[in-house]
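To start, the structure under review is shown below, and the notes come after it.
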Amino acid sequence: MTSPGPVAETAAIRLQLRTWPEVEAYLDRCRGVIVPLGSTEQHGPTGAIGTDALTAEAVALEVGRRTGVLVTPAQSFGMAEHHLGFPGTVSLQPSTLLAVLHDVVLSLARHGFERIFVINGHGGNIATTRAAFAEAYATAASRGLPVAGRLRCRLANWFTAGPVMREARELYGEKEGHHATPSEIALTLHLEPSLQAHQRPLPEPAPAGPIHGPDDFRRRHPDGRMGSDPYLARPDHGARFLDVAAAALAAELEAFLAED
Ligand code: NI
């Protein structure tokens, strides 16, 4: 399977801006597609509700720009049940998200896409996404889709890519924390400068711990953060995170496309 090669413009790789004959022609030269997956949930008292969706989409578009692989619209609602104690959070139950991702994969597979590369911005989506892949493989086979034997789905979490985690550790050490992390907030500051106005020093956060549901989460983490200091985030850090995340994931995608 060959990659279509680098393209200059982000518009060229956005599925939303292409026509169906263009997609049909694309499938003659590449069977890969990127699906950005986010979440719409509280990110502490100063972080944007859309952090996980904004970051996943930005990384996905940059990976698409570097590789020439098409990027679908972002799935901006994820599994955020444990964040529902905070206003503005919009969550899909795991079974709902599983059904959504299953149907996205099956739609793409029906038209001949064989490599589905999900770029994810939210840890709470991981288990459900893996389950959705398993169910999609089974359905593709039971429906007798021509691509069933060649269909591969890959989950790529931008925030756990090796170079991203190394960069975050160097910049923030322990203050990276586990939710509303300075690394993800930095990327949103780079993408949307108006968010800088929310930045202010915050008291010591509650440490990370077990989560048993939305009310328990809010009791243990009253301001929504888990062990993080998002005040350390800076827009120039965000530009750096975008670059290292896109480099790591573009390499992973190229290998994925070349896999047997
Ligand atoms: Ni997040």
Side-chain angles (χ1 to χ4, degrees), residues 35-63 74-92 94 97 101 118-129 155-161 163-165 167-169 171-172 174-192 195-196 198-199 202 205-211 213-214 217-218 220-235 237-242 244-246 248-249:
V35 179
L37 173 61
S39 181
T40 301
E41 65 184 46
Q42 67 85 14
H43 270 76
T46 57
I49 298 277
T51 294
D52 295 349
L54 293 166
T55 56
E57 182 168 50
V59 173
L61 289 172
E62 183 58 19
V63 171
Q75 171 57 34
S76 296
F77 297 128
M79 203 299 281
E81 296 291 290
H82 48 299
H83 293 290
L84 279 171
F86 298 86
T89 297
V90 178
S91 176
L92 302 182
L97 178 62
L101 293 173
V118 175
I119 293 187
N120 176 41
H122 173 51
N125 289 335
I126 293 173
T128 303
T129 303
L155 176 61
N157 306 303
W158 77 263
F159 52 96
T160 57
V164 171
M165 293 184 77
E167 193 80 14
R169 203 175 309 124
L171 284 169
Y172 313 126
E174 292 292 293
K175 300 293 184 185
E176 167 72 354
H178 296 270
H179 184 66
T181 61
S183 57
E184 61 180 344
I185 299 302
L187 182 41
T188 66
L189 298 180
H190 168 64
L191 298 171
E192 182 50 60
L195 294 173
Q196 185 74 43
H198 299 296
Q199 287 289 88
L202 296 169
I211 302 168
F217 186 107
R218 183 146 183 176
R220 292 173 192 266
H221 309 285
D223 77 356
R225 291 175 299 149
M226 295 175 79
S228 69
D229 184 1
Y231 186 57
L232 298 173
R234 293 195 338 219
H237 299 166
R240 175 84 182 132
F241 282 118
L242 182 58
V244 297
L249 268 52

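Sequential numbering from 1 along the given sequence is applied to the chain's residues. Start at 1 and go down the list; that is how both ligands and their atoms are numbered. Note that these values count all heavy atoms, side chains included, but never hydrogens, waters or copies made by symmetry.
Checked by atom type and distance alone, the side chain of Ser228 pairs as donor or acceptor with a backbone atom of Ala180 at under 3.5 Å. When atom types are taken as modelled, the side chain of Asn157 and the backbone of Phe159 share no donor-acceptor pair closer than 3.5 angstrom.
Contact detail for Glu41 and His43: the closest heavy-atom pair is O-ND1, 3.0 Å. Between Gly224 and His179, the shortest heavy-atom contact is O-CD2, 3.1 Å. Contact record, Leu92 with Gln75: CD1-NE2, 3.7 Å, taken as the closest heavy-atom pair.
Protein N/O/S atoms found under 2.8 Å from the Ni ion (ligand 1): His43 NE2, Asp52 OD1, Glu184 OE1.
The closest side-chain donor-acceptor pair between Thr51 and Glu184, if any, does not fall under 3.5 angstrom.
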